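Reviewing the structure listed below.
Predicted, not measured: the structure shown is a model, and the values here were computed from it. All values below were derived from every heavy atom in this structure, side-chain atoms included, with hydrogens, water molecules and symmetry-related copies excluded.
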Amino acid sequence: MRILLIGAGGVGSAAAKLLVQRDFFEALVVADYSAERAEASARAASERRNGEARVTSAQIDASSAEGVKALCREHAITHMFNAVDPVFVMPIFDGAFAAGADYLDMAMSLSRPHESEPYANVGVKLCDEQFAKADAWEKAGRLALVGIGVEPGLSDVFARYAADHLFSEIDELGTRDGANLVVTDDGNEIFAPSFSMWTTIEECLNPPVVWEKDRGWFTTPPFNEPKIFDFPEGIGEVECVNVEHEEVLLMPRGVDAKRVTFTYGLGEEFIGILKVLHTLGLDSVEPITVKGQQISPRDVVAAALPDPATIGPRMKGKTCAGPWVTGTGTDGEPRSTYLYHVVDNEQTMKDYDSQCVVWQTAINPVVALELLATGAWSGAGVLGPEAFDAVPFLDLLKAPKPEGFGAPWGMREQ
């Protein structure tokens, strides 16, 4: 297996550090628009294994499918690992196909809200552009494993596990994402999102999508249906609201459920900031002219905030992700179970020098790559994580090092 990892930001760099601890691949090329950042990421990964010879770096323009194709062919790449903002999904996706490489991503092709009824009907949904090309991938015998981060990704694996082993009938798959993370500067708490602000604005201000078996996909107003959820391992109660997310578009394709939702524990302050950005038009991706320069307001907001890859040393707390599954258990009795993965920032900083949110996202595609390398997972077409047997994934994720990744997951009856 020869891997091209595009994106040397927080998630990409964390993934590179995880990859070099494993022996299932032959070569890893870390690529980024910034050659310097790609080189630094590759070097940081290599140093974790005494100058790892399998890792090199390259410069790439992720907006060019031809450029992606050329770099794949230059390095005889077999697997494309996309770790950049979702605005670049389609050129990387198409470039990998043209080069004959398999493909993995953690965020999928972007949505476009319904023009006249954005808070009732779906327009172009997340991942529609990728699934529209599924037949071509299948006919070519190539696999595009889409949405294999933590959310989407591990949450979808949990959903498949619940359907196969815990429930005879599922009423709702309701993903819950929450944390008690705090970032400080000189002892004072600051506003510093732990993930890409560009992506956070996209998923939080777009109309949330809900799926119901008798209705299909539909949308609601942002931040609606607030609910308090008690997260495990000391995180505690967090108010969660509906947010647009890929699980709702993926899970119904491979898991039988009556309803699928996604809610995010944003908190009152974060929601207030997002609403102000929207009111001022600072969430827009359309360029405006500022002193003769064309600038996207959202790019300015993202650039003005701390880089999520750099805030780890100033961050404390834990993050949690997973689906709350309700329905009928295999014994015929009502069941309500939360399957989850909790990560402590102090631990990931100590072990990987990566903050917990990007690390939790990065570990799942690395696990998936190893399963593909060993043949435990295989397939062709455009498939989400729920299309595969969950047990090999969860076993490898949880197994102690060096056999596995030493990242245990939990299950709580509600």
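- Remark: the backbone N or O of Asp61 is not paired with any side-chain donor or acceptor of Ser64 at under 3.5 angstrom.
- A 4.5 Å side-chain heavy-atom check between Thr220 and Phe218 finds at least one atom pair inside the cut-off.
- Under a 3.5 Å cut-off, the side chain of Thr279 and the backbone N or O of Lys275 do form a donor-acceptor pair.
- Note on Asp256 versus Lys213: salt bridge recorded, some NZ/NE/NH1/NH2 to OD/OE distance being below 4.0 Å.
- Of all heavy-atom pairs spanning Ser284 and Pro297, the tightest one is O-CD, 3.4 Å.
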Give the intermediate values and the outcome of ring-ring contact (aromatic ring centres under 6.0 Å, His included) for residues Phe191 and Phe270. CA-CA 8 Å; Phe191 179 74; Phe270 205 154; 5.2 Å; yes
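- Considering all non-hydrogen atoms of both residues, Glu26 and Arg54 come closest at O-CG, 3.3 Å.
- Under the ring-ring contact (aromatic ring centres under 6.0 Å, His included) test applied with Trp324, the options Phe229, Phe231, Tyr338 reduce to a single match, Phe229.
- Between Leu110 and Val89 the shortest side-chain heavy-atom distance does not fall below 4.5 Å.
- In terms of heavy-atom proximity, Ala58 sits nearest to Ala38 at O-CB, 3.5 Å.
- Thr78 places none of its side-chain heavy atoms less than 4.5 Å from the side chain of Asp102.
- Between Lys350 and Asp344, no side-chain nitrogen of the basic residue sits less than 4.0 Å from a carboxylate oxygen of the acidic one, so the salt-bridge criterion is not met.
- What you find for Thr326 and Phe167 is that their closest heavy atoms are C-CE2, 3.8 Å.
- Here the OG atom belonging to Ser57 is positioned 8.5 Å from the CZ atom belonging to Arg43, to the nearest 0.5 angstrom.
- Asp186 CG to Arg314 CZ: the interatomic distance, rounded to the nearest 0.5 Å, is 9.0 Å.
- Few gaps surround CD on Glu233; more than 12 heavy atoms of other groups in view lie less than 6.0 Å from it.
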Let's go through Ile148 and Phe388 carefully: what are the C-alpha distance in whole Å and the side-chain angles of both, what is the deciding distance for side-chain contact (heavy atoms from CB on, under 4.5 Å) to 0.1 Å, and is it a yes or a no? CA-CA 11 Å; Ile148 184 62; Phe388 299 86; over 6 Å; no
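- More than 12 heavy atoms of other residues, nucleotides or ligands shown are found within 6.0 angstrom of CZ on Phe25.
- The environment of NZ in Lys227 is crowded: more than 12 heavy-atom neighbours from other residues, nucleotides or ligands sit within 6.0 Å.
- Remark: Gln294 CD is packed, more than 12 non-hydrogen atoms of other residues, nucleotides or ligands lying under 6.0 Å away.
- Asn364 places no side-chain N or O within 3.5 Å of a backbone atom of Gly153 that could act as its donor or acceptor partner.
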side-chain contact (heavy atoms from CB on, under 4.5 Å) between Met90 and Gln130, worked out: CA-CA 7 Å; Met90 289 313 296; Gln130 289 172 282; 3.7 Å; yes
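- Considering Arg176, Glu386, His245, Glu247 in turn, Glu247 is the only one that fulfils the side-chain hydrogen bond (donor to acceptor under 3.5 Å, both in side chains) rule with Ser155.
- A donor and an acceptor atom, one from each side chain of Trp198 and Asp299, are located under 3.5 Å apart.
- Using a 4.5 Å heavy-atom cutoff, the side chains of Trp359 and Asn345 are not in contact.
- Environment of CD in Glu74: crowded, with over 12 heavy atoms of neighbouring residues, nucleotides or ligands closer than 6.0 Å.
- Using a 4.5 Å heavy-atom threshold, the side chains of Pro222 and His278 count as separate.
- Distance CD1/Ile228 to CD/Glu237: 6.0 Å, rounded to 0.5 Å.
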Evaluate the criterion side-chain hydrogen bond (donor to acceptor under 3.5 Å, both in side chains) for residue pair Glu151 and Thr175; output intermediate values, then yes/no. CA-CA 8 Å; Glu151 293 174 335; Thr175 302; 5.5 Å; no
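- The minimum heavy-atom distance between Leu250 and Pro385, with the atom names listed, is CD1-CD, 4.3 Å.
- A salt bridge links Lys133 with Asp94: at least one charged nitrogen is closer than 4.0 Å to a carboxylate oxygen.
- Phe393 places none of its side-chain heavy atoms less than 4.5 Å from the side chain of Glu370.
- Put simply, the side chain of Trp217 gets close to the backbone of Val248: a donor and an acceptor are under 3.5 Å apart.
- Contact check on Asp135 versus Lys139 returns no salt bridge, with no Lys/Arg side-chain nitrogen under 4.0 Å from an Asp/Glu carboxylate oxygen.
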Starting from the C-alpha separation in whole Å, work towards a yes-or-no answer on ring-ring contact (aromatic ring centres under 6.0 Å, His included) for Phe93 and Trp137. CA-CA 11 Å; Phe93 180 83; Trp137 282 80; 4.9 Å; yes
Thr219 and His114: CA distance, side-chain angles, deciding distance, side-chain contact (heavy atoms from CB on, under 4.5 Å) verdict: CA-CA 9 Å; Thr219 57; His114 192 278; over 6 Å; no
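- Closest non-hydrogen pair, Leu19 versus Leu369, comes out as CD2-CD1, 4.3 Å.
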Which is it for Glu202 and Arg298 under the side-chain contact (heavy atoms from CB on, under 4.5 Å) test, yes or no, and what are the steps along the way? CA-CA 9 Å; Glu202 180 76 15; Arg298 191 186 299 185; 2.7 Å; yes
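- Remark: Arg253 is positioned above the aromatic ring of Phe131, its terminal NZ or CZ atom under 6.0 angstrom from the ring centre and at most 45 degrees off the axis.
- No donor-acceptor pair closer than 3.5 Å links the side chain of Lys125 to the backbone N or O of Leu249.
- In this structure the side chain of Glu239 never reaches within 4.5 angstrom of the side chain of Glu268, judged on heavy atoms.
- Glu286 and Ser296 share no donor-acceptor pair across their side chains, judged by distance under 3.5 Å alone.
- Here the side chains of Ile92 and Tyr103 are in contact, with some heavy-atom distance below 4.5 Å.
- A donor-acceptor contact shorter than 3.5 Å is absent between the side chain of Lys69 and the backbone of Ala98.
- Side-chain atoms of Thr263 and Glu225 form no donor-acceptor pair, as typed in the model, at a separation below 3.5 Å.
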